[in-house]
Amino acid sequence: MSSLFRQSSGERRDKFERLAMPLAKSLYNVAKRWTGLEDAGDLVQETYLRAYRTFDNFKEGTNCKAWLFTIMRSVFVNEYRKGLRQPNPVSVEDLEERFMQCLGASNQDHHLKLIQELGLDWDGSEWEQALSRLPESFRSAVLLVDVEELTYEEAAQVISCPVGTLRSRLFRGRKALFLELESYASRSSAIKEPK
Amino acid sequence: MKKENNDRHFKEELQLLLDDRLAAPDRLEVEKHIEVCSSCRREFEILRWTKQVTTRKFAATEVPSQLEQEIISALDREDRKSERHGNLSGYLMGKTWKPLWGYGLAILIGVLLAVWFLSSAPTEIPSQISRAFIEYRGNRLQLDILANDVEEIERGFEAAGVPFPTRVFDLGMMDYQIVGGRVYELEDRPSAFFVYRSSTGNILVCQMFQGQVSELPVSQRSSLRENNGIEFYVYQSEGLTMVFWQEGDVICVLTSDLGSEEVIQLAFAKAIKI
């Protein structure tokens, strides 16, 4: 019985490593933007441990990445999020108004082109700062869908919200990120009024 | 989806187009519109650019090498633990220990009976309410009615047989969006259990059930507040604040792990005198 146990345990371990370990990069990538660099490693390690313990619940053929993110989200919410300082809440009305103003500006096409050109030259820190200023719910939607390429349904499951809510957080997150970058460009006086 | 003229603009459809989530006819319609509408075209362009560079700029890089090693070591420890457990099970089922199992089983049944007897006393309402919140927060309680619309949730409760009219209030102005609800069985009655989340992820749960606030245990109460002629009974337990009030023959309670004053103010804002 003991050798049988070892054999099935070995197979289980092999399968887990084959499916889950290649995804460590993705988990760490999101973890460091949820908790900050210092705790990201612990969060990922705890996620793997819990995933391994409950690996029998994983349905083969479904998205292992989404499953691991769901576990990581649960660990994050229950053990890490409370101690974190959250960015100032964003009023949805303000966000929409600022975005509409940005769209309506007479020199917007010129402005947009400049931000696009400048943005590509910025190093990672400007982007990281812009992302970190987003409310956590917007940031997570953007990271899970745009960076980790989960479907709306998978991302909604990870952050335990209806798909409609995920969609509107993503919509607002993308707009808010753009506005942060635009504001950074303006602050650094990089954008000159067209002559 | 049909737009009659170019004065009206697409909004979320632009995102659905960007993410390839539109059916072919809708896709054509939106594409045609953005060809002639500079405002929608500009918005689409901003969303497209933001998505593209986000994908590139935040893409995963390497994991610190010691982290991978730490994960492998943690899995090894887990395997060893499971194996020890497996071996121990085999040993305990052996000849030497088998006769003792009968005695053990008898003791266990005795203990279980004692626990059952002690726990059959009715649990106080605040404990039941805090337990429901903790189960939901820990992902052990699923919502059956998923909707962002308060009326839809009220209809859901009615369809689920909740024996009183529910009032699911809109807290959108306070940055709390309704995410869904379910019927939650308290020990002796059903309750309408519905959940809000803020944009920062805070959870606020409201429960409504038939009863009188006089059932609440006075000794555990933290404070009694009054606003607009309504009395609010505040309880605190396990880091949660629960604010109870009476509406007709229904008890309402707001529960959260937010600061207690914030929960109280939300209850003030939404309670109505019946």
Side-chain angles (χ1 to χ4, degrees), chain A residues 1-2 5-6 9 13 16-17 21 24-26 28-29 33 41 44-45 48-49 52-53 74 77-78 81 86 89-92 102-104 108-109 112 116 119-120 124 127 131 135-138 142-143 145-149 152 160-162 164-165 167-171 174-175 177-178 181, chain B residues 11-12 14-16 18-19 21 38-40 42-43 45-47 49-64 66-68 70-72 74-79 82-83 86-87 89-90 137-139 143 146-148 172 175 177 179-180 197-203 257:
Chain A
M1 173 168 172
S2 182
F5 175 80
R6 267 199 295 274
S9 162
R13 170 73 178 263
F16 180 78
E17 287 198 13
M21 288 312 288
K25 235 160 72 164
S26 290
Y28 186 70
N29 192 39
R33 282 149 183 150
V44 172
Q45 192 180 325
Y48 270 100
L49 202 51
Y52 189 48
R53 284 176 189 151
S74 162
V77 168
N78 291 314
R81 189 166 63 181
Q86 297 292 337
V90 170
S91 144
V92 171
C102 175
L103 275 183
Q108 181 55 41
D109 286 335
L112 175 60
Q116 289 177 342
L120 293 177
W127 284 87
L131 185 69
E136 195 270 311
S137 57
F138 291 5
V142 169
L143 284 170
V145 176
D146 286 350
V147 182
E148 298 307 332
E149 299 179 331
Y152 288 179
S160 302
C161 73
T165 306
R167 224 164 44 202
S168 69
R169 287 178 184 175
L170 178 63
F171 197 36
R174 285 167 171 167
K175 288 179 182 176
L177 186 59
F178 179 80
L181 295 168
Chain B
K11 285 286 153 207
E12 218 182 323
L14 297 175
Q15 168 161 281
L16 297 176
L18 177 67
D19 294 336
R21 304 270 305 194
S38 61
S39 171
C40 287
R42 205 179 278 163
E43 183 163 352
E45 177 59 18
I46 286 176
L47 291 172
W49 178 77
T50 309
K51 178 180 175 173
Q52 265 181 4
V53 286
T54 300
T55 306
R56 205 164 1 151
K57 294 278 180 185
F58 299 118
T61 49
E62 287 309 307
V63 176
Q66 85 275 13
L67 175 60
E68 275 188 8
E70 281 165 9
I71 295 170
I72 297 293
L75 298 183
D76 286 343
R77 282 195 298 276
E78 190 64 19
D79 277 345
S82 305
E83 201 167 336
N87 289 341
S89 306
R137 189 178 57 186
N139 295 326
L143 301 180
L146 292 177
N148 296 123
D175 190 32
Q177 303 300 327
V179 294
R197 277 186 189 260
S198 73
S199 59
T200 51
N202 292 323
I203 300 171
D257 49 10

Heavy-atom distance under 4.5 Å between the side chains of [X] and [Y], does that happen here?
X	Y	value
D19(B)	L170(A)	yes
K25(A)	V63(B)	yes
R197(B)	S160(A)	yes
W127(A)	V53(B)	yes
T50(B)	K175(A)	no
Y52(A)	D79(B)	yes

Nearest 0.5 angstrom please: [X] [atom1] to [Y] [atom2], how far?
X	Y	atom1	atom2	result
Y48(A)	E78(B)	OH	CD	15.5 Å
I72(B)	M21(A)	CD1	CE	4.0 Å
I71(B)	Q45(A)	CD1	CD	6.5 Å
Y28(A)	T61(B)	OH	OG1	8.0 Å

Quiz item: Side chain of S137(A), backbone of S199(B): donor and acceptor closer than 3.5 Å?
Solution: yes
Quiz item: Is there a donor-acceptor contact under 3.5 Å from the side chain of R174(A) to the main chain of Q15(B)?
Solution: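 No; zero donor-acceptor contacts below 3.5 Å.
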Please look at [X] and chain A and tell me whether the side chain, the backbone, both or neither of the residue comes under 4.5 angstrom of a heavy atom of that chain.
X	value
R77(B)	side chain
E62(B)	both
L75(B)	both
T55(B)	both

Quiz prompt | chain B contact via Y152(A) - which portion, at a heavy-atom distance below 4.5 Å | solution = both
Closest-packed option against chain A by number of heavy-atom pairs under 4.5 Å, given [options]:
options	answer
Q66(B), E45(B), Q177(B), E68(B)	E45(B)
A59(B), S198(B), S39(B)	A59(B)
L47(B), L146(B), N202(B)	L47(B)
L143(B), L67(B), L14(B)	L67(B)

Quiz item: If you take all heavy atoms of N148(B) and P162(A), which pair is closest and at what distance?
Solution: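 Nearest heavy atoms, N148(B) then P162(A): ND2-CG, 4.1 Å.
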Practice problem: Determine the minimum heavy-atom distance between F171(A) and E43(B), stating which atoms define it. | Solution: CZ-OE2, 3.7 Å
Practice problem: Among L143(A), V147(A), V145(A), L181(A), single out the residue with the greatest number of heavy-atom pairs under 4.5 Å to chain B. | Solution: V147(A)
Quiz item: Taking E17(A), R169(A), R33(A) one by one, which has the highest count of heavy-atom pairs under 4.5 Å against chain B?
Solution: R33(A)
